[in-house]
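In what follows, a single structure is set out as structure tokens and then discussed.
These numbers were taken from a predicted model, which means no experiment stands behind them.
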Amino acid sequence: EVQLVESGGDLVQGGGSLTLSCVASGFTFDDYAIAWFRQAPGKEREGVSCIVNNDGTTYYTDSVKGRFTISSDNAKNTVYLQMKSMKSEDTAVYYCAARWGGYYSPSSILSHWEYEYWGQGTQVTVSS
């Protein structure tokens with residue numbers, strides 16, 4: 001059974017930092033791309049960042065470049081999202097998602113329809 005379990009969500013002040021974790025099980029971690037998505041109330045789910053474990057390539061949406069860093073610990077089957085200089089617009093439920101990383105299009109790697117498996121989400125709130 002595939003499982004993705006997020007943790008680390010919290011209330012943080014604007015300008016602060018937070019690190020999210022996603023622990024994966026039930027599939028060959030090294031062969032998959034793992035992404036972080038977020039969804040704020042009344043908004044569509046947005047792709048934030050992705051790491052393709054097959055080749056280590058990372059992707060970020062423009063609004064988080066330079067502030068967020070995605071990393072993967074293959075020994076622990078865990079992906080992290082380190083968030084710095086946080087803004088109120090980062091407030092959302094953050095989801096971890098997985099898809100096979102053997103073939104993908106960079107132009108759609110942050111599109112939610114590309115992903116087969118999803119976690120339950122963790123709330124991140126940034127106070128201004």
Looking at side-chain heavy atoms only, is the closest gap between [X] and [Y] below 4.5 Å?
X: Ile51; Y: Tyr80; result: no
X: Leu81; Y: Ser49; result: yes
X: Val124; Y: Met86; result: yes
X: Trp36; Y: Cys50; result: no
X: Asp10; Y: Val12; result: no
X: Val64; Y: Lys84; result: no

From [X] [atom1] over to [Y] [atom2], what is the distance, rounded to the nearest 0.5 angstrom?
X: Ser21; Y: Lys76; atom1: OG; atom2: NZ; value: 9.0 Å
X: Leu20; Y: Tyr94; atom1: CG; atom2: OH; value: 7.5 Å
X: Glu89; Y: Ser128; atom1: CD; atom2: OG; value: 10.0 Å
X: Gln123; Y: Arg38; atom1: CD; atom2: CZ; value: 12.0 Å
X: Tyr32; Y: Tyr117; atom1: OH; atom2: OH; value: 4.5 Å
X: Thr91; Y: Lys43; atom1: OG1; atom2: NZ; value: 9.5 Å

So, the side chain of [X] versus the backbone of [Y]: is there a donor-acceptor pair under 3.5 Å, distance only?
X: Asp90; Y: Lys87; answer: yes
X: Tyr115; Y: Ile34; answer: no
X: Gln3; Y: Ser25; answer: no
X: Thr122; Y: Gly9; answer: yes
X: Glu6; Y: Gln120; answer: yes

Looking at [X] and [Y], what are the two nearest heavy atoms and their distance?
X: Leu4; Y: Cys22; result: CD2-SG, 4.0 Å
X: Asn74; Y: Asn77; result: O-OD1, 3.2 Å
X: Thr61; Y: Leu110; result: N-CD1, 3.7 Å
X: Ser85; Y: Arg67; result: O-NH1, 3.0 Å
X: Gln13; Y: Ser127; result: CA-OG, 3.4 Å

(request) Examine the side chains of Glu114 and Ser108 and answer whether a donor and an acceptor come within less than 3.5 Å of each other. (result) yes

(message) Within the 3.5 Å criterion, strictly below it, is a donor on Ser72 or Asn53 matched to an acceptor on the partner's side chain?
(response) yes

ILVMFWY network linking [X] to [Y], side-chain heavy atoms under 4.5 angstrom:
X: Leu11; Y: Val93; answer: no
X: Ile70; Y: Tyr95; answer: no
X: Trp100; Y: Val2; answer: yes
X: Tyr103; Y: Trp113; answer: no

(message) Quick check on the 6.0 Å ring-centre criterion: do Phe37 and Trp118 meet it?
(response) yes

(message) Can you tell whether the side chains of Glu116 and Arg99 come within less than 4.0 Å, N to carboxylate O?
(response) no

(request) Report the relative orientation of the aromatic rings in Tyr104 and Tyr59; use parallel for angles under 30°, tilted for 30 to 60°, perpendicular for over 60°. (result) perpendicular

(request) Check the pair Phe68 / Tyr60 against ring-ring contact (aromatic ring centres under 6.0 Å, His included), numbers first and verdict last. (result) CA-CA 8 Å; Phe68 290 10; Tyr60 298 92; 8.2 Å; no

